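See below for the structure under consideration.
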Protein chains: 2
Amino acid sequence: MFDGIRKYYELLIPALTELLWQELEKRLVIERYPKGSLICREGDICKGVYFIQEGLARLYYTVEGREICTGFAKEGEYLSEYDSFLTQSPAAQSMDVLEDTIAINLPFEQMQTLYEHAPVYEQAGRKIAENLFVLISRYNTRLLTLSPEDRYQYIIENQYHLIQRVPQYMLASLIGISPEHLSRIRKKMTR
Amino acid sequence: MFDGIRKYYELLIPALTELLWQELEKRLVIERYPKGSLICREGDICKGVYFIQEGLARLYYTVEGREICTGFAKEGEYLSEYDSFLTQSPAAQSMDVLEDTIAINLPFEQMQTLYEHAPVYEQAGRKIAENLFVLISRYNTRLLTLSPEDRYQYIIENQYHLIQRVPQYMLASLIGISPEHLSRIRKKMTR
DNA sequence: CATTTCCCTTAACATATATCAAGAAGAAAA
DNA sequence: TTTTCTTCTTGATATATGTTAAGGGAAATG
């Protein structure tokens, strides 16, 4: 059950011994979400960092009744409303799942306990924070420096699984344009 | 000289002893930048995380000859092209200073050495990464959920020093609009 | 003190992109 | 199968925001 996430932590913490892993493992919580259900609602405090074991999760703002997606995580990837998680303050975004999903949650209090328990866990926390920073930073770079066409092209070339698993109108909001406009861009690109 | 940054590290690492501080201090590098000079050029590898001792630094993309600002740091704040720093890959943004600036740099190799030296430093690394994540995440939230007017209003209410120290056309790009448009927004707001 | 440079404003105009509305095509449900 | 959703497409229209250009004032420079 925990094979995938264990490999992930071994990458994060080169010095992860069997004992240290067991200490971590017993704090992990397996959570199952049926397609369409919420992991975290905007305004609530995000309870954890979720390692997606199986399925597909989504992070999005709701602005004037409309959803603006900012990220997706598939099997083997992490997702969290990390600002809310870190600062234990109300989440600006919601998280839900687009498919039946199994997530492994490392809750906030458990993470703090680990930090106090042994300093190596700090290293995992640091690398998770660093990885999430790089993700959001590059997302930002694309939004600010690429044209809508090039942002879509980026998804084709680097996140093709999203095109197969995510409705096009959600990708439009990820790119920062309307669904109609993405449809026209696609039409132009096939020519 | 190192008073400001020491206080900052004491916040990050509650367990920072005199000895641990000395170990850190001897790895810090004081750097002076005259107004207008570059700390890091786009395409280069960002050499460090810079604690601004005195002055004002800026982070910005250059797209088709135009500059798009994404962040500023004044005295007592940090700045870095952190993606480049973490991954030791070419920077997407440049960093320069808008005023004569004294920065205290913790270079990448020195930071790695500290991590190996004692695990408490991991805690500082983690918190720096977490803080920078929260900063960029909230910047993102503002860009994606607020109108240009409200983004400018946010600066007035929460970063008023920028209005006093940064040219308006740079704030326009921080907000994600043209200088002319910001000028019109300001005119409308005074009424 | 003159002069140059930088920055802000304003107006006219251009345009990318959003919005609105309708229909088609699949996919899911009954 | 038929029906009902959901998603995607397409066209007509609207609009926010960008672009270009010009002038003025403040600040830096010599």
Side-chain angles (χ1 to χ4, degrees), chain A residues 34-37 56 58 60-69 72 96-100 142-156 160-191, chain B residues 34-37 55-56 58 60-69 72 96-101 142-156 160-191:
Chain A
K35 177 176 177 174
S37 62
L56 184 62
R58 168 177 76 130
Y60 62 98
Y61 297 98
T62 305
V63 183
E64 290 164 20
R66 290 166 203 218
E67 295 173 352
I68 301 175
C69 306
F72 298 89
D96 68 1
V97 302
L98 303 186
E99 305 170 2
D100 290 343
R142 274 173 259 136
L143 275 186
L144 295 175
T145 68
L146 299 183
S147 68
E149 281 88 339
D150 290 347
R151 279 176 258 158
Y152 185 65
Q153 190 64 42
Y154 174 87
I155 294 179
I156 293 176
Y160 197 77
H161 62 280
L162 292 183
I163 291 182
Q164 298 167 315
R165 294 169 79 174
V166 173
Q168 196 171 300
Y169 71 89
M170 287 187 189
L171 294 184
S173 77
L174 183 72
I175 291 172
I177 61 177
S178 68
E180 295 88 343
H181 191 64
L182 177 56
S183 179
R184 289 183 192 113
I185 284 175
R186 279 164 48 82
K187 190 182 181 187
K188 196 163 35 165
M189 283 172 69
T190 54
R191 270 188 279 123
Chain B
K35 177 177 177 174
S37 62
L56 183 61
R58 168 178 76 129
Y60 62 98
Y61 296 100
T62 306
V63 183
E64 291 165 19
R66 289 165 204 220
E67 295 173 353
I68 300 175
C69 306
F72 298 88
D96 68 2
V97 302
L98 303 185
E99 305 170 2
D100 290 343
T101 295
R142 274 173 259 136
L143 276 185
L144 295 176
T145 68
L146 299 182
S147 67
E149 281 87 341
D150 289 347
R151 280 176 257 156
Y152 185 65
Q153 190 64 42
Y154 175 86
I155 294 180
I156 293 176
Y160 198 76
H161 63 279
L162 292 183
I163 291 182
Q164 299 168 312
R165 293 168 81 174
V166 173
Q168 197 171 299
Y169 71 90
M170 289 188 188
L171 294 184
S173 77
L174 183 72
I175 291 172
I177 61 177
S178 68
E180 293 87 347
H181 191 61
L182 177 55
S183 181
R184 287 183 203 115
I185 285 175
R186 279 164 47 82
K187 190 182 181 185
K188 196 164 31 164
M189 284 172 68
T190 54
R191 268 188 280 122

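Every heavy atom of this structure was used, including side-chain atoms; hydrogens, water molecules and symmetry mates were not. Each chain gets a letter, A, B and so on, in the order the sequences are listed, and its residues count up from 1. Here the structure is a predicted model, which is why all the values come from computation and not from measurement.
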(request) Could you list the residues that satisfy side-chain hydrogen bond (donor to acceptor under 3.5 Å, both in side chains) with B:R58, not counting sequence neighbours? (result)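 Expected list: B:E67, B:D96.
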Taking [atom1] from [X] and [atom2] from [N], how many angstroms apart are they, rounded to a whole number?
X      : N      : atom1 : atom2 : value
B:H181 : D:dT19 : NE2   : P     : 12 Å
A:E180 : D:dT7  : CD    : C1'   : 11 Å
B:I175 : D:dG18 : CD1   : P     : 11 Å

(request) Answer with base, sugar-phosphate or nothing: what part of the nucleic acid does B:R186 contact at a heavy-atom distance below 4.0 Å? (result)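 Since only primed, P, OP1 and OP2 atoms lie under 4.0 Å of B:R186, the category is sugar-phosphate.
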(message) Going 5' to 3' along DNA chain C, which are the first and last nucleotides with any atom under 4.0 Å from a heavy atom of chain A?
(response)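 Listing 5' to 3', DNA chain C meets chain A from C:dT17 to C:dC20.
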For the [atom1] atom of [X] and the [atom2] atom of [Y], what is their distance to the nearest 0.5 Å?
X      : Y      : atom1 : atom2 : result
B:L144 : A:Y61  : CG    : OH    : 5.5 Å
B:S178 : B:R184 : OG    : CZ    : 6.5 Å
B:L56  : B:Q164 : CG    : CD    : 11.5 Å

Side chains of [X] and [Y]: does their closest heavy-atom pair fall under 4.5 Å?
X      : Y      : value
B:L174 : B:V166 : no
A:P148 : A:R151 : yes
B:I156 : B:M189 : yes
B:I155 : B:I163 : yes
B:L182 : B:Q168 : yes

(request) Specify the angle, to 10°, made by the local axes at the two ends of the helix from C:dC1-D:dG30 to C:dA30-D:dT1 when five pairs are taken at each end. (result)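 The end-segment axes of the helix from C:dC1-D:dG30 to C:dA30-D:dT1 are tilted 50° relative to each other.
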(request) Determine: side-chain N/O of B:R66 to OP1/OP2 of D:dG18, distance under 4.0 Å, yes or no. (result)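 B:R66 to D:dG18 OP1/OP2: no side-chain N or O under 4.0 Å.
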(message) Within residues 161-170 of chain B, which residues have any heavy atom lying less than 4.0 Å from an atom of DNA chain D?
(response)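 Hits under 4.0 Å, by residue number: none.
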Could you go through nucleotides 23-30 of chain D and list every protein N or O atom that sits under 3.5 Å from one of its N or O atoms, giving the distance for each pair?
none

(message) Donor-acceptor pair, distance only, cut-off 3.5 Å: does the side chain of A:T145 make one with the backbone of B:V63?
(response)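 No.
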(message) Can you pull out the residues from residues 145-153 of chain B that lie within a 4.0 Å heavy-atom distance of DNA chain C?
(response)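 Heavy-atom cutoff 4.0 Å gives no residues at all.
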